There are 2 protein chains.
Amino acid sequence: MANEGIHREWASRIRGHEESGHLVESVVEILDCAALCFTEMGFQGTSIDDVARRLGATKGRIYHYFRSKTDLFFEVHREGMTRLMDAVTAAMDAGGTGREKLQRMVEAHALTMMQNVAYEAVVVQGVHLHRLSATTPEQRVILNELMDVRHQFEQLFVQVFHEGQADGSVRETADTSLAVKGILGAVNWMAIWYRPRADESPETQKAMAVEVAGLQIKGVT
Amino acid sequence: MANEGIHREWASRIRGHEESGHLVESVVEILDCAALCFTEMGFQGTSIDDVARRLGATKGRIYHYFRSKTDLFFEVHREGMTRLMDAVTAAMDAGGTGREKLQRMVEAHALTMMQNVAYEAVVVQGVHLHRLSATTPEQRVILNELMDVRHQFEQLFVQVFHEGQADGSVRETADTSLAVKGILGAVNWMAIWYRPRADESPETQKAMAVEVAGLQIKGVT
DNA sequence: GACGAACATACTACGCAGTATGTCGCAAGT
DNA sequence: ACTTGCGACATACTGCGTAGTATGTTCGTC
């Protein structure tokens with residue numbers, strides 16, 4: 001299944017649950033509930049008991065898999081970033097001019113945001129966590145990893161942006177980094193205002209993603 | 001002075017400190033420190049003692065002016081929104097085509113974000129506070145006020161957007177609200193990544209604001 | 001010299017992260 | 001068949017951080 005890679009990554013982080021690869025469904029449930037709680041009430045505002053209650057379980061279950069609340073948050077964050085990365089890199093690898101690639105990347109970004117609001121809202125929150133003091137040296141390593149991935153993510157856009165400028169499909173700008181931050185901001189902001197509506201089909205979502213991406217791309221071409 | 005109006009608003013909120021209008025400097029210091037703390041560590045992550053420590057004072061001083069931590073947060077939030085509102089409405093009232101007004105409004109928005117990162121970062125955080133449960137019925141009234149101002153703020157842009165479409169200076173879009181949310185997102189996002197640098201003059205800031213706004217406006221024209 | 005504003009100090013009550021220990025079921029060994 | 005072991009939790013408990021309060025203390029003003 002598609003989750004294999006993710007599970008393998010968990011292995012090293014989570015209480016030594018190596019090979020199994022199937023019982024881990026229990027962990028996925030925890031992550032889902034945690035993502036919702038963190039999204040609604042923030043990191044500090046969420047208690048482990050809140051997550052447990054939503055699970056219909058108790059703290060025991062959570063601490064059986066995660067060392068600490070911070071580790072739990074990190075894992076949700078990592079999962080969110082992974083989904084974003086996967087979607088965007090796939091869109092990037094499909095070829096075309098810089099502008100076409102950029103358009104697809106932003107669309108993929110937006111669509112992923114909408115399809116994973118909970119996880120991605122946590123990712124957005126996570127930016128602040130940068131200076132959070134309550135971290136063990138061990139956690140700080142993971143945090144640096146996350147910040148690194150975040151930076152790589154942005155660089156992906158910067159890179160393709162330059163490609164586009166090279167092939168003439170993207171306009172020259174005063175500050176590429178600034179332009180990219182603007183685009184990413186417009187899309188990331190969706191994590192804050194967007195909430196799935198009952199009457200929303202996958203097509204509607206896709207259409208919104210295309211619309212948002214289109215406006216942003218138009219600004220730089 | 002320009003703060004008069006704000007002070008008068010405080011009057012009703014803050015432990016009945018009505019007329020004075022000058023000693024309130026003490027309150028401004030508290031708000032400044034609170035804004036910094038909330039920005040760096042979030043609402044729940046900030047303790048009143050943190051704010052007091054940064055002030056070089058103790059809890060006593062803070063609780064002398066504010067009923068609760070939540071009220072303190074609200075006041076910072078309100079101040080941030082007020083500064084945004086003032087800047088944007090001023091830019092709007094200066095006349096011109098829809099597009100010109102929109103351009104100036106977004107520039108003003110961006111510039112205000114940069115000049116008041118601490119306060120505006122709190123405003124950005126505040127969006128989540130929407131569903132926060134830890135509110136007394138009294139606070140909920142204030143919260144509704146804040147959410148209302150936020151909505152009005154967005155409507156300002158929507159309104160001018162339509163003006164622009166009416167006079168032909170702004171392109172027709174599938175969903176005006178969506179377009180505006182994109183623009184505001186790009187600018188609001190600055191509260192997350194932007195931090196003032198030592199070698200930054202007011203002119204540099206202004207230039208960045210114009211650049212960001214330019215890209216966004218170009219997307220809708 | 002009395003009184004209140006503007007704080008500081010001292011104290012309490014509680015929520016919550018983290019831990020220690022218990023329980024239940026299943027799977028393998030003999 | 002029984003038991004031993006272990007994984008997957010639940011229950012019970014502790015200690016600390018922190019919001020809020022109650023009570024000083026100082027200083028200016030009337």
Side-chain angles (χ1 to χ4, degrees), chain A residues 7 10-11 14-31 33-34 37-38 40-76 129 132-136 138-139, chain B residues 7 10-11 14-31 33-34 37-38 40-76 129 132-136 138-139:
Chain A
H7 290 161
W10 283 340
I14 303 169
R15 300 264 188 192
H17 293 274
E18 333 289 321
E19 354 291 348
S20 40
H22 54 290
L23 268 179
V24 201
E25 172 61 23
S26 189
V27 174
V28 177
E29 285 176 15
I30 296 178
L31 287 177
C33 290
C37 288
F38 287 142
E40 291 173 7
M41 308 183 298
F43 174 67
Q44 322 264 0
T46 300
S47 78
I48 296 288
D49 291 288
D50 288 332
V51 181
R53 201 173 311 129
R54 189 180 285 244
L55 267 170
T58 64
K59 306 167 75 127
R61 178 165 168 192
I62 297 175
Y63 278 104
H64 180 67
Y65 294 99
F66 298 90
R67 283 190 210 282
S68 71
K69 184 181 164 184
T70 306
D71 286 83
L72 176 57
F73 184 87
F74 281 165
E75 221 55 39
V76 174
L129 220 64
L132 192 63
S133 48
T135 46
T136 70
E138 194 187 25
Q139 290 172 345
Chain B
H7 290 160
W10 284 340
I14 303 170
R15 300 262 188 194
H17 293 277
E18 335 286 321
E19 356 289 349
S20 39
H22 53 292
L23 268 180
V24 203
E25 172 61 22
S26 189
V27 174
V28 177
E29 286 176 15
I30 296 179
L31 288 178
C33 289
C37 287
F38 287 142
E40 292 173 5
M41 308 183 299
F43 174 68
Q44 322 264 2
T46 300
S47 78
I48 296 288
D49 292 289
D50 288 333
V51 181
R53 202 173 309 131
R54 189 180 284 243
L55 267 170
T58 64
K59 306 167 74 128
R61 180 167 168 192
I62 297 175
Y63 277 103
H64 180 67
Y65 294 98
F66 298 90
R67 283 189 209 283
S68 71
K69 183 180 163 184
T70 306
D71 286 85
L72 176 56
F73 185 87
F74 282 165
E75 223 53 41
V76 174
L129 220 64
L132 193 63
S133 49
T135 47
T136 71
E138 195 187 24
Q139 290 172 346

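Because the structure is a prediction, the values reported are computed rather than measured. Note: hydrogens, waters and symmetry copies are ignored here, and every other heavy atom, side chains too, is used. So you know, we letter chains A, B, ... as the sequences are listed, proteins then strands, and number each from 1.
- Evaluation of the ring-ring contact (aromatic ring centres under 6.0 Å, His included) rule for B:Phe73 yields B:Phe38, B:Phe43 as partners, not counting sequence neighbours.
- Protein atom CZ of A:Phe66 is 16 Å distant from nucleotide atom C1' of C:dA17, rounded to whole Å.
- For B:Glu29, the side chain to side chain donor-acceptor pair (under 3.5 Å) test picks out B:Arg61, with sequence neighbours left out.
- Across the protein-nucleic acid pair, B:Phe73 atom CZ and D:dG20 atom P stand 14 Å apart, rounded to whole Å.
- With sequence neighbours excluded, no residue forms a salt bridge (charged side-chain N to carboxylate O under 4.0 Å, His left out) with B:Lys69.
- Between the CG atom of A:Leu72 and the P atom of C:dC16 there is a distance of 16 Å, rounded to whole Å.
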*asked:* Pair A:Asp49, A:Thr58 - check side chain to side chain contact (heavy atoms under 4.5 Å, CB included), show working.
replied: CA-CA 7 Å; A:Asp49 291 288; A:Thr58 64; over 6 Å; no

N/O to N/O distances under 3.5 Å, protein versus nucleotides 14-19 of chain D:
residue: D:dA19; atom: OP1; partner: B:Thr46; partner atom: O; Å: 3.4
residue: D:dA19; atom: OP1; partner: B:Lys69; partner atom: NZ; Å: 3.2
residue: D:dA19; atom: OP2; partner: B:Ile48; partner atom: N; Å: 3.0
residue: D:dA19; atom: N7; partner: B:Lys59; partner atom: NZ; Å: 2.9

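- Atoms CG and CD, on B:Asp71 and B:Glu138 in that order, are 7.0 Å from each other to the nearest 0.5 Å.
- The shortest distance between the side-chain N/O atoms of B:Thr58 and the OP1/OP2 oxygens of C:dC7 is not below 4.0 Å.
- For B:Ser26 and C:dA6, the shortest distance from a side-chain N or O to OP1 or OP2 is not below 4.0 Å.
- For A:Ser47, the side chain to side chain donor-acceptor pair (under 3.5 Å) partners are A:Asp50, not counting sequence neighbours.
- In terms of phosphate contacts, B:His64 brings no side-chain nitrogen or oxygen within less than 4.0 Å of OP1 or OP2 of C:dC7.
- When the P atom of C:dC7 is taken as reference, atom CD1 of B:Ile62 falls 11 Å away, rounded to whole Å.
- For B:Tyr65, taking side-chain heavy atoms from C-beta onward, the closest of the listed nucleotides C:dC7, C:dT9, D:dA10 is C:dC7.
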